[in-house]
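A quick write-up on the structure given underneath.
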Number of protein chains: 2
Amino acid sequence: MTLHRRISRDLEDRIRSGELRPGQRIPTEHELMQTYGCARMTVNKALSQLAGDGLIERRKRAGSFVRLPRLDTPVLEIPDIEVEVTARGDRYRFELLNAQTRNDSDLNGPTLSLTGIHYAQDRALAFEERRISLTAVPEAATADFTVQSPGHWLLQAVPWTRVEHMVSALAAPASIAARLGVDKGAACLVVERRTWKDDAVVTVVRQAFDGTAYRLTASFGRN
Amino acid sequence: MTLHRRISRDLEDRIRSGELRPGQRIPTEHELMQTYGCARMTVNKALSQLAGDGLIERRKRAGSFVRLPRLDTPVLEIPDIEVEVTARGDRYRFELLNAQTRNDSDLNGPTLSLTGIHYAQDRALAFEERRISLTAVPEAATADFTVQSPGHWLLQAVPWTRVEHMVSALAAPASIAARLGVDKGAACLVVERRTWKDDAVVTVVRQAFDGTAYRLTASFGRN
DNA sequence: TCCCAAATTATGTCTAGACATAATGGATAA
DNA sequence: TTATCCATTATGTCTAGACATAATTTGGGA
């Protein structure tokens with residue numbers, strides 16, 4: 001591994017682990033070149049890399065700062081329903097229907113299995129089935145998901161490294177229609193998402209949205 | 001504008017304009033440092049930037065080459081239905097239902113308005129309504145969309161710089177249901193996409209997919 | 001003729017400087 | 001007290017070298 005790569009990896013790890021928190025200042029180029037005993041250009045390359053990836057923000061005279069969890073990047077990266085609902089000024093609530101731990105071959109190991117409903121202004125927005133690997137996130141066993149939604153909690157608690165989405169449309173079966181308070185056969189937008197940290201699956205979630213009330217957006221390219 | 005930025009912009013323009021074609025070799029660092037009269041590190045920074053953005057590929061001893069249109073990046077960038085269908089070994093066909101030119105305030109200027117159906121193995125997969133700005137893409141007026149789908153043609157013909165997606169679910173109204181050969185009220189996955197080249201909208205498209213036959217995928221993060 | 005070794009070439013990384021730029025914060029003047 | 005100027009500081013860009021690395025080409029020997 002090259003030196004500038006090692007520097008940026010070290011910093012990325014410290015950011016993802018939470019040691020360096022959003023908004024916090026990271027060491028200056030001069031401090032880092034002393035820490036690693038290298039030239040400034042090498043440190044500069046590492047920091048430019050992190051800035052390009054959106055992990056840090058660089059401000060002249062002020063220093064380099066850990067960026068807030070990217071909200072301006074493609075929404076499809078990880079939609080946080082709680083944040084989205086409250087951002088548009090609506091009242092948010094998550095209702096936990098069921099929680100149990102069991103073994104899951106898919107996440108190979110003990111798994112917390114949850115179902116629940118996301119409400120916006122007391123109207124059901126999405127029905128969620130989620131599995132969380134207790135191997136990858138042991139803290140999940142003691143978290144209280146009646147207070148905050150599992151998705152919101154996970155985003156704050158776990159530094160993920162990879163996400164995979166599948167988006168499809170589904171005619172609501174009776175079980176989901178009842179949960180969402182829509183007619184049986186109504187169009188639902190279904191998002192299935194797997195989230196990894198390094199090589200371990202952290203969580204697998206399937207969310208069915210009321211098709212008339214929700215849509216995903218994503219944009220790519222500069223500007 | 002800084003020098004390394006200017007170098008990478010110049011090269012990006014030559015790639016997007018088609019002067020430098022995929023697979024073709026671009027000037028070496030030494031040639032570029034002579035062209036721009038600067039140090040190698042400056043050229044190197046520009047080329048590293050382009051490589052990071054996936055526009056070129058760098059091979060030791062061989063040189064730097066224009067990359068093929070990104071197929072390994074998030075699928076959601078721009079799904080080319082024709083490529084997707086043929087990639088899984090199915091027979092693809094596009095049926096042009098209607099084509100007319102008119103003025104469109106949304107794309108401010110003369111616009112080619114198209115509707116058509118994408119078939120996979122002679123089964124309707126998607127109903128498409130598309131508008132193409134003839135200001136941005138005058139060649140579209142003479143293209144033959146009974147031979148290839150407009151989406152496929154545009155991807156090859158126009159160097160886009162920005163895309164915006166909206167994905168939603170819809171219960172098929174009679175007009176769409178008939179086109180797709182599904183029941184009225186069946187769940188459809190609707191993708192609306194706006195594509196820009198610089199500040200000009202190139203095309204706006206709305207595609208309704210048979211929800212049982214299609215889904216979008218996207219992945220983010222390393223590896 | 002075929003295979004291996006050496007020379008060549010282009011990129012990859014790094015250094016130790018330089019000057020530029022922007023923002024901050026304190027000192028000075030109105 | 002308030003406004004303005006200036007020094008400080010951290011990043012931004014650039015240079016002219018250096019050695020490393022990987023892959024191709026070439027030349028020679030079996």
Side-chain angles (χ1 to χ4, degrees), chain A residues 1-15 19-68 70 72-73 222-223, chain B residues 1-15 19-68 70 72-73 222-223:
Chain A
M1 174 166 296
T2 66
L3 184 51
H4 74 261
R5 201 84 202 83
R6 202 188 123 208
I7 297 174
S8 56
R9 272 296 173 95
D10 283 358
L11 287 168
E12 185 175 343
D13 286 347
R14 291 171 68 185
I15 291 169
E19 182 194 332
L20 296 169
R21 309 193 67 83
Q24 193 176 331
R25 186 179 160 166
I26 70 172
T28 67
E29 295 190 348
H30 263 276
E31 288 163 350
L32 286 170
M33 71 188 262
Q34 294 207 321
T35 303
Y36 290 91
C38 66
R40 210 187 118 217
M41 274 296 285
T42 308
V43 172
N44 185 284
K45 189 163 187 176
L47 294 187
S48 299
Q49 172 82 37
L50 290 175
D53 291 349
L55 259 97
I56 65 169
E57 188 185 350
R58 315 197 69 194
R59 289 205 298 274
K60 284 185 181 174
R61 167 62 224 239
S64 300
F65 298 82
V66 179
R67 274 188 70 175
L68 300 171
R70 12 178 138 188
D72 50 345
T73 42
R222 52 166 174 270
N223 218 13
Chain B
M1 176 164 298
T2 66
L3 184 50
H4 74 261
R5 202 82 201 86
R6 203 188 124 207
I7 298 174
S8 57
R9 272 299 173 93
D10 283 358
L11 287 168
E12 185 176 342
D13 285 348
R14 290 170 69 186
I15 290 169
E19 183 195 331
L20 296 170
R21 308 191 69 81
Q24 194 177 329
R25 188 180 156 165
I26 69 172
T28 66
E29 295 189 346
H30 263 276
E31 287 164 351
L32 287 170
M33 70 188 262
Q34 293 207 321
T35 303
Y36 290 92
C38 66
R40 212 188 114 217
M41 273 298 285
T42 309
V43 172
N44 184 284
K45 188 161 186 175
L47 294 187
S48 300
Q49 173 82 38
L50 290 175
D53 291 350
L55 261 97
I56 64 171
E57 187 186 348
R58 314 198 71 194
R59 288 206 298 274
K60 284 186 181 174
R61 166 64 223 237
S64 301
F65 299 82
V66 179
R67 273 189 70 174
L68 300 171
R70 10 181 143 188
D72 51 344
T73 41
R222 53 166 173 268
N223 220 10

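Side-chain atoms are counted along with the backbone in the values below, which use heavy atoms only and exclude waters and symmetry mates. Every chain is numbered from 1, with letters handed out A, B, ... down the list of sequences.
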| Which nucleotide in the set C/dA18, C/dC14, D/dA10 lies at the smallest distance from any side-chain heavy atom of A/T28? | D/dA10

| Sugar-phosphate, base or nothing in reach of B/R25, heavy atoms under 4.0 Å | sugar-phosphate

| remark: Here the gap from A/H4 atom NE2 to A/M41 atom CE, rounded to the nearest 0.5 Å, amounts to 11.0 Å

| field | Residue list, side-chain hydrogen bond (donor to acceptor under 3.5 Å, both in side chains) with A/E57, at least two apart or on another chain | value | none

| request: May I ask you to evaluate whether B/K45 reaches the phosphate of D/dT13, defined as a side-chain N or O under 4.0 Å from OP1 or OP2? | output: yes

| Nearest-angstrom distance from the residue atom CD of A/Q49 to C1' of D/dG12 | 17 Å

| field | Out of D/dT13, C/dT11, D/dC14, whichever nucleotide has its closest atom nearest the side chain of B/L3 | value | D/dC14

| Between P of C/dT11 and CG of B/L50, the distance in whole Å | 13 Å

| message | For a 4.5 angstrom cut-off between non-hydrogen side-chain atoms, does B/S64 reach B/E29? | response | no

| field | Atom pair distance, as rounded to whole Å: CG in A/N44 and P in C/dC14 | value | 13 Å

| field | Spacing between A/E31 atom CD and D/dA10 atom P, to the nearest angstrom | value | 7 Å

| said: So B/L47, base contact, sugar-phosphate only, or nothing? Heavy-atom distance under 4.0 Å. | reply: nothing

| request: Could you tell me whether the phosphate oxygens of D/dG12, OP1 or OP2, come under 4.0 Å of any side-chain nitrogen or oxygen in A/R58? | output: yes

| remark: From CE of A/M41 across to C1' of D/dT11 the rounded distance in Å is 12 Å

| query | Which nucleotide in the set D/dT13, C/dC14, C/dT11 lies at the smallest distance from any side-chain heavy atom of B/S64? | reply | C/dT11

| message | Suppose we call a contact any N or O donor and acceptor under 3.5 Å apart; does that hold for the side chain of A/R61 and the base of C/dT21? | response | no

| message | Does C/dC14 have OP1 or OP2 under 4.0 Å away from a side-chain N or O of A/H4? | response | yes

| said: If you go through the side-chain atoms of B/R59, does one of them form a donor-acceptor pair with the base of C/dG12 closer than 3.5 Å? | reply: no

| note | Separation of D/dA10 atom C1' from A/L32 atom CG, nearest Å, is 12 Å

| query | A/K60 has a side chain; which of C/dG12, D/dG12, D/dT15 sits nearest to it? | reply | D/dG12

| said: Any side-chain N or O of A/T2 below 4.0 angstrom from OP1/OP2 of C/dG12? | reply: no

| field | Closest non-hydrogen atom pair, B/L11 against B/L20 | value | CD2-CD1, 4.3 Å

| said: In whole Å, I'd like the distance from the CZ atom of A/R6 to the C1' atom of C/dT13. | reply: 15 Å

| note | One should read off an interatomic distance between B/E31 CD and B/Q34 CD, to the nearest 0.5 angstrom, of 8.0 Å

| request: Return the 5'-most residue of the pair A/C38, B/G63 with respect to DNA chain C, ranking by each residue's nearest nucleotide. | output: B/G63

| Between atom OG1 of B/T42 and atom CG of B/L47, what is the distance when rounded to the nearest 0.5 Å? | 11.0 Å

| task | Round to a whole Å and report the spacing from CD of B/E57 to C1' of C/dG12. | result | 15 Å

